[in-house]
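Ligands are counted one by one from 1 in listed order, and the atoms in each one are counted from 1 as well. What you see below is based on every heavy atom in this structure, not just the backbone, and it leaves out hydrogens, waters and symmetry mates. Given the structure is predicted, the values throughout are model-derived calculations rather than measurements.
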Amino acid sequence: MKQFTGVLFLCTILLFSVVGNADSGMISDLCNHSGDPKLCISSIESRPESGEFAGTTKQIEIIAISAASANASATSAYIKEKLSREDLEPATEATLEDCQKNYQDAAEQLDDSISAMLADAHTDVDVWLRAAISAIESCGSALDSRAGNDEELSQRNTIFLKLCKNALMVNKKLT
Ligand SMILES: *[C@@H]1O[C@H](CO)[C@@H](O)[C@H](O)[C@H]1NC(C)=O
Ligand SMILES: *[C@@H]1O[C@H](CO)[C@@H](O)[C@H](O)[C@H]1NC(C)=O
């Protein structure tokens with residue numbers, strides 16, 4: 001049984017990589033319009049659903065939004081962990097709490113944008129993605145303007161914003 005599972009796993013990987021190769025042209029064509037094509041391609045191709053699923057622009061868009069959503073969840077966990085430390089300055093704590101809320105909002109807005117994608121409501125997708133961008137820009141302003149600057153969180157914000165902008169760009173192609 002174990003061996004069978006291993007073989008099945010291997011076949012699945014092979015199948016995914018074949019299908020993935022077949023579609024990588026489409027991903028790079030789309031990502032060529034991104035402000036950061038390399039990040040765009042790697043963020044989409046590294047998603048587990050990419051090979052099997054990335055056959056159409058619509059599917060690639062859903063993967064692009066999922067990549068942003070996974071990034072938001074990881075950053076929420078990062079902030080949560082930092083907030084659990086006891087030696088935080090009050091100003092740092094306040095900034096992290098704001099950012100935590102901003103990431104929760106952004107994650108919900110990305111969920112809404114996926115629902116809108118599934119309904120082919122591309123104008124709504126645009127609205128939700130922009131709302132997520134604006135939430136994380138608020139976190140960025142809090143980081144810049146208050147004590148408690150956090151270099152890693154700033155970098156995470158930058159990547160998250162790029163991922164959302166890539167998703168916006170792909171959504172435009174569908175509109
Ligand atoms: C990407 O864009 C450049 C111009 O910005 C163009 O020369 C190139 O052919 C494009 N590549 C693809 C794969 O579309
Ligand atoms: C967030 O996105 C970046 C760029 O694709 C990637 O390097 C990083 O691993 C992602 N983190 C998570 C947890 O998805």
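Each of the following atoms of ligand 2 lies closer than 4.0 Å to a heavy atom of I159: 2 (O), 3 (C), 4 (C). Counting atoms of ligand 2 from 1 in the listed order, those under 4.0 Å from a heavy atom of L39 are 4 (C), 5 (O). Annotation for ligand 2: atoms under 4.0 Å from non-hydrogen atoms of A74 are 13 (C).
A distance-only check finds no donor-acceptor pair linking the side chain of D124 to the backbone of A116 [under 3.5 Å].
Side-chain atoms of Y103 and N157 form a donor-acceptor pair, as typed in the model, at a separation below 3.5 Å. No side-chain N or O of S138 forms a donor-acceptor pair with one of N102 less than 3.5 Å apart.
For F160 against A68, the heavy-atom pair with the smallest separation is CE1-O, 3.3 Å. Residues L110 and A132 approach most closely at CD2-CB, 4.1 Å, considering heavy atoms.
Among A70, S43, A67, S46, the residue whose heavy atom lies nearest to atom 5 (O) of ligand 2 is S43.
Below 3.5 Å of separation, one finds an N or O of N71 facing an N or O of ligand 2.
Within 4.0 Å of atom 14 (O) of ligand 2, at least one protein heavy atom is present. Protein heavy atoms are found less than 4.0 angstrom from atom 11 (N) of ligand 2.
Put simply, Y78 and I136 are part of the same group of oily side chains (I, L, V, M, F, W, Y) that touch within less than 4.5 Å, one to the next.
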